[in-house]
Amino acid sequence: MNRSGPLALLHTSPLHIPVFDALRDEDHQGLELRHMVDEKLLARARREGPAAVAGEVRAALDRAVTDGARAVLCTCSTIGAVAEEAGAGVPVLRVDRPMAAAAVATGPRVVVVATSESTLEPTVALVEEEARAAGRSVQEVRTLLVDGAWARFEAGDTDGYVRSVATAADSVTDADAIVLAQASMTPAERLTTTAVPVLSSPRPGLAAGADAVRLG
(Lines give C-alpha, C1' and ligand atoms only; values in the text may rest on other atoms or scores of the structure.)
Protein backbone atom coordinates (compact mmCIF):
# COMPACT_ATOMS: atom_id res chain seq x y z
CA MET A 1 0.00 0.00 0.00
CA ASN A 2 1.47 3.31 -1.00
CA ARG A 3 1.78 5.85 1.78
CA SER A 4 2.88 9.43 1.54
CA GLY A 5 4.96 9.52 4.71
CA PRO A 6 5.34 8.31 8.28
CA LEU A 7 2.89 8.68 11.13
CA ALA A 8 4.51 9.73 14.41
CA LEU A 9 2.99 8.49 17.64
CA LEU A 10 3.53 10.36 20.89
CA HIS A 11 3.32 7.92 23.82
CA THR A 12 3.70 8.32 27.57
CA SER A 13 4.41 4.60 28.07
CA PRO A 14 6.60 2.24 26.04
CA LEU A 15 3.94 -0.45 26.50
CA HIS A 16 1.90 1.22 23.77
CA ILE A 17 4.49 0.55 21.07
CA PRO A 18 3.75 -3.16 20.49
CA VAL A 19 -0.01 -2.48 20.66
CA PHE A 20 0.09 -0.01 17.80
CA ASP A 21 2.66 -2.00 15.83
CA ALA A 22 0.32 -5.02 15.97
CA LEU A 23 -2.66 -2.95 14.84
CA ARG A 24 -0.58 -1.52 11.99
CA ASP A 25 0.33 -5.03 10.89
CA GLU A 26 -3.31 -6.11 11.01
CA ASP A 27 -5.02 -3.13 9.42
CA HIS A 28 -2.51 -0.78 7.80
CA GLN A 29 0.28 -2.76 6.18
CA GLY A 30 2.85 -0.43 4.69
CA LEU A 31 2.17 2.43 7.09
CA GLU A 32 5.41 3.64 8.66
CA LEU A 33 5.13 4.36 12.37
CA ARG A 34 7.66 6.44 14.29
CA HIS A 35 7.29 6.06 18.04
CA MET A 36 8.19 8.80 20.51
CA VAL A 37 7.99 7.95 24.23
CA ASP A 38 8.16 10.46 27.07
CA GLU A 39 6.90 9.04 30.35
CA LYS A 40 7.68 12.30 32.14
CA LEU A 41 4.87 14.08 30.28
CA LEU A 42 2.19 12.01 31.97
CA ALA A 43 3.88 12.10 35.36
CA ARG A 44 3.98 15.89 35.30
CA ALA A 45 0.48 16.22 33.85
CA ARG A 46 -0.84 14.06 36.68
CA ARG A 47 0.87 16.28 39.26
CA GLU A 48 0.29 19.73 37.77
CA GLY A 49 -2.43 19.36 35.17
CA PRO A 50 -2.20 18.82 31.39
CA ALA A 51 -1.59 22.51 30.63
CA ALA A 52 1.72 22.29 32.50
CA VAL A 53 3.24 20.15 29.73
CA ALA A 54 1.99 22.22 26.77
CA GLY A 55 5.47 23.50 25.94
CA GLU A 56 7.05 20.07 26.10
CA VAL A 57 4.31 18.57 23.98
CA ARG A 58 4.73 21.28 21.35
CA ALA A 59 8.47 20.64 21.29
CA ALA A 60 7.87 16.92 20.76
CA LEU A 61 5.46 17.65 17.92
CA ASP A 62 7.98 20.00 16.30
CA ARG A 63 10.65 17.29 16.49
CA ALA A 64 8.32 14.81 14.84
CA VAL A 65 7.62 17.17 11.96
CA THR A 66 11.30 17.98 11.57
CA ASP A 67 11.94 14.24 11.31
CA GLY A 68 9.45 14.00 8.45
CA ALA A 69 6.15 13.00 10.05
CA ARG A 70 3.11 13.71 7.89
CA ALA A 71 0.78 13.48 10.91
CA VAL A 72 1.09 12.91 14.66
CA LEU A 73 -1.14 10.74 16.83
CA CYS A 74 -1.08 11.39 20.58
CA THR A 75 -1.90 8.13 22.35
CA CYS A 76 -2.16 9.60 25.86
CA SER A 77 -5.70 10.67 26.76
CA THR A 78 -4.53 12.98 29.54
CA ILE A 79 -2.53 15.20 27.20
CA GLY A 80 -4.48 14.61 23.98
CA ALA A 81 -6.27 17.94 24.07
CA VAL A 82 -2.99 19.75 24.72
CA ALA A 83 -1.48 18.06 21.67
CA GLU A 84 -4.43 18.96 19.44
CA GLU A 85 -4.32 22.59 20.55
CA ALA A 86 -0.56 22.86 20.07
CA GLY A 87 -0.67 22.07 16.37
CA ALA A 88 2.48 21.43 14.38
CA GLY A 89 1.90 22.31 10.73
CA VAL A 90 0.66 18.76 10.10
CA PRO A 91 -2.49 17.04 11.39
CA VAL A 92 -2.24 16.32 15.13
CA LEU A 93 -4.82 13.84 16.35
CA ARG A 94 -5.75 12.48 19.74
CA VAL A 95 -6.22 8.73 19.78
CA ASP A 96 -9.50 8.82 21.71
CA ARG A 97 -11.53 11.17 19.51
CA PRO A 98 -12.88 8.49 17.12
CA MET A 99 -13.80 6.35 20.15
CA ALA A 100 -15.70 9.27 21.69
CA ALA A 101 -17.57 9.86 18.45
CA ALA A 102 -18.53 6.19 18.31
CA ALA A 103 -19.74 6.29 21.92
CA VAL A 104 -21.97 9.30 21.21
CA ALA A 105 -23.41 7.53 18.16
CA THR A 106 -24.20 4.45 20.23
CA GLY A 107 -26.57 6.20 22.63
CA PRO A 108 -27.16 9.09 25.04
CA ARG A 109 -25.74 7.45 28.19
CA VAL A 110 -21.96 7.08 28.23
CA VAL A 111 -19.79 5.89 31.10
CA VAL A 112 -16.12 6.86 31.03
CA VAL A 113 -13.94 4.32 32.83
CA ALA A 114 -10.40 5.38 33.75
CA THR A 115 -7.56 4.23 35.96
CA SER A 116 -5.86 7.61 36.21
CA GLU A 117 -7.89 10.47 37.65
CA SER A 118 -6.09 12.95 35.38
CA THR A 119 -7.76 11.28 32.39
CA LEU A 120 -11.35 11.69 33.54
CA GLU A 121 -11.85 15.39 32.91
CA PRO A 122 -10.24 15.48 29.43
CA THR A 123 -12.17 12.40 28.30
CA VAL A 124 -15.52 13.64 29.60
CA ALA A 125 -14.90 16.97 27.87
CA LEU A 126 -14.11 15.14 24.63
CA VAL A 127 -17.26 13.02 24.77
CA GLU A 128 -19.35 16.13 25.46
CA GLU A 129 -17.64 17.93 22.57
CA GLU A 130 -18.45 15.07 20.21
CA ALA A 131 -22.02 15.02 21.52
CA ARG A 132 -22.44 18.71 20.70
CA ALA A 133 -20.96 18.16 17.26
CA ALA A 134 -23.51 15.40 16.68
CA GLY A 135 -26.36 17.59 17.94
CA ARG A 136 -26.94 15.49 21.06
CA SER A 137 -27.34 18.20 23.69
CA VAL A 138 -28.87 15.87 26.29
CA GLN A 139 -25.86 13.54 26.36
CA GLU A 140 -25.31 11.98 29.81
CA VAL A 141 -21.68 11.29 30.68
CA ARG A 142 -20.73 9.57 33.94
CA THR A 143 -17.31 8.56 35.22
CA LEU A 144 -15.92 5.51 36.97
CA LEU A 145 -12.40 5.55 38.42
CA VAL A 146 -10.97 2.07 38.97
CA ASP A 147 -9.45 2.32 42.43
CA GLY A 148 -5.98 0.83 42.79
CA ALA A 149 -5.62 -0.12 39.13
CA TRP A 150 -3.02 2.50 38.25
CA ALA A 151 -0.76 1.31 41.06
CA ARG A 152 -0.90 -2.16 39.52
CA PHE A 153 0.02 -0.74 36.12
CA GLU A 154 2.98 1.18 37.55
CA ALA A 155 4.13 -1.95 39.40
CA GLY A 156 4.12 -3.93 36.17
CA ASP A 157 1.13 -6.10 37.10
CA THR A 158 -0.52 -5.75 33.73
CA ASP A 159 -2.70 -8.84 34.18
CA GLY A 160 -4.09 -7.54 37.47
CA TYR A 161 -4.52 -4.12 35.92
CA VAL A 162 -6.52 -5.43 32.99
CA ARG A 163 -8.67 -7.71 35.15
CA SER A 164 -9.56 -4.86 37.50
CA VAL A 165 -10.61 -2.71 34.54
CA ALA A 166 -12.78 -5.51 33.13
CA THR A 167 -14.43 -6.04 36.51
CA ALA A 168 -15.20 -2.33 36.77
CA ALA A 169 -16.66 -2.26 33.26
CA ASP A 170 -18.83 -5.26 34.04
CA SER A 171 -20.33 -3.40 36.98
CA VAL A 172 -21.90 -0.89 34.58
CA THR A 173 -25.40 -1.87 33.49
CA ASP A 174 -27.37 1.36 32.96
CA ALA A 175 -25.48 2.81 30.00
CA ASP A 176 -25.48 2.74 26.22
CA ALA A 177 -21.70 2.70 25.85
CA ILE A 178 -18.66 2.23 28.07
CA VAL A 179 -15.53 4.13 27.11
CA LEU A 180 -12.13 2.80 28.21
CA ALA A 181 -10.45 6.16 28.56
CA GLN A 182 -6.79 5.09 28.31
CA ALA A 183 -5.09 3.07 25.60
CA SER A 184 -3.47 0.92 28.29
CA MET A 185 -6.94 -0.35 29.23
CA THR A 186 -7.63 -1.85 25.80
CA PRO A 187 -6.91 -5.53 26.65
CA ALA A 188 -9.76 -5.40 29.18
CA GLU A 189 -12.20 -5.02 26.31
CA ARG A 190 -11.99 -8.71 25.45
CA LEU A 191 -12.40 -9.80 29.07
CA THR A 192 -15.64 -7.96 29.75
CA THR A 193 -18.95 -9.82 29.89
CA THR A 194 -21.32 -6.85 30.16
CA ALA A 195 -24.03 -6.47 27.54
CA VAL A 196 -23.15 -2.77 27.24
CA PRO A 197 -20.82 -2.06 24.29
CA VAL A 198 -17.24 -1.46 25.49
CA LEU A 199 -15.14 0.86 23.34
CA SER A 200 -11.37 1.38 23.30
CA SER A 201 -9.25 3.87 21.40
CA PRO A 202 -6.17 2.36 19.70
CA ARG A 203 -7.75 0.73 16.64
CA PRO A 204 -10.03 3.62 15.54
CA GLY A 205 -7.38 6.13 16.59
CA LEU A 206 -4.73 4.52 14.42
CA ALA A 207 -7.18 4.34 11.54
CA ALA A 208 -7.71 8.09 11.81
CA GLY A 209 -3.96 8.62 11.87
CA ALA A 210 -3.52 6.47 8.79
CA ASP A 211 -6.21 8.46 6.99
CA ALA A 212 -4.48 11.72 7.95
CA VAL A 213 -1.21 10.48 6.45
CA ARG A 214 -2.87 9.28 3.26
CA LEU A 215 -4.93 12.44 2.77
CA GLY A 216 -2.06 14.72 3.75
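Every value quoted in this text rests on a predicted model; they were computed, and no experiment measured them.
Taking 4.0 Å as the cut-off between side-chain N and carboxylate O, K40 and E56 do not count as a salt-bridged pair. For the pair D174 and R109, the salt-bridge criterion is not met [side-chain N within less than 4.0 Å of a carboxylate O].
Here the straight-line distance linking atom CZ of R34 with atom CZ of R70 works out to 11.5 Å at 0.5 Å rounding. Once rounded to the nearest 0.5 Å, the distance linking CD1 of I79 with CD of E84 reads 11.5 Å. For the atom pair CG of D96 and SG of C74, the computed distance is 8.5 Å after rounding to the nearest 0.5 Å. A distance of 9.0 Å separates CZ of R163 from CG of L191, quoted to the nearest 0.5 Å. Rounded to the nearest 0.5 angstrom, H16 NE2 and T186 OG1 are separated by 8.0 Å. Taken to the nearest 0.5 Å, the CG atom of L199 stands 8.5 Å off from the CD1 atom of I178.
The cluster map of Ile, Leu, Val, Met, Phe, Trp and Tyr, joined by side-chain heavy atoms under 4.5 Å apart, puts L144 and V127 in different clusters. Note: the hydrophobic cluster containing V90 also contains M36 (ILVMFWY, side chain heavy atoms under 4.5 Å, direct or indirect links). L41 and V72 fall within a single hydrophobic cluster, where Ile, Leu, Val, Met, Phe, Trp and Tyr are joined by side-chain heavy atoms under 4.5 Å apart, directly or via other members. Under the 4.5 Å side-chain contact rule for hydrophobic residues, V92 and L9 do not share a cluster. A single hydrophobic cluster is not seen to contain both V19 and V162; linkage of ILVMFWY side chains at heavy-atom distances under 4.5 Å, directly or through other members, places them apart.
Considering V95, D211, L93, L33 as possible partners of L206, the one that fulfils the side chain to side chain contact (heavy atoms under 4.5 Å, CB included) test is L33. When each of V172, V141, T143, V198 is paired with V111, the side chain to side chain contact (heavy atoms under 4.5 Å, CB included) condition holds for V172 and for no other.
Residue D176 comes nearest to P108 through the heavy atom pair OD2-CD, 3.0 Å, listed as atom of the first residue, atom of the second, then distance. Taking all atoms of both residues into account, the shortest heavy-atom contact from L180 to M185 is CD1-O, 3.6 Å. Across all their heavy atoms, A60 and L10 have their closest contact at CB-CD1, 4.2 Å. Across all their heavy atoms, H28 and A210 have their closest contact at ND1-CB, 3.6 Å. Contact record, V146 with A168: CG2-CB, 3.6 Å, taken as the closest heavy-atom pair. When all heavy atoms of T119 and S77 are compared, the pair lying nearest together is CG2-CB, 3.5 Å.
The ring of H35 has its center no closer than 6.0 angstrom to the ring center of F20.
By the 4.5 Å heavy-atom criterion applied to side chains, P14 and E39 are counted as neighbours. Using a 4.5 Å heavy-atom threshold, the side chains of F153 and T115 count as separate.
E121 contributes no side-chain N or O that, together with a main-chain N or O of S118, makes up a donor-acceptor pair within less than 3.5 Å.
More than 12 heavy atoms of other residues, nucleotides or ligands sit less than 6.0 Å from atom CD of E48.
Looking only at atom types and distance, the side chain of T194 has no donor-acceptor partner in the side chain of T192 under 3.5 Å away.
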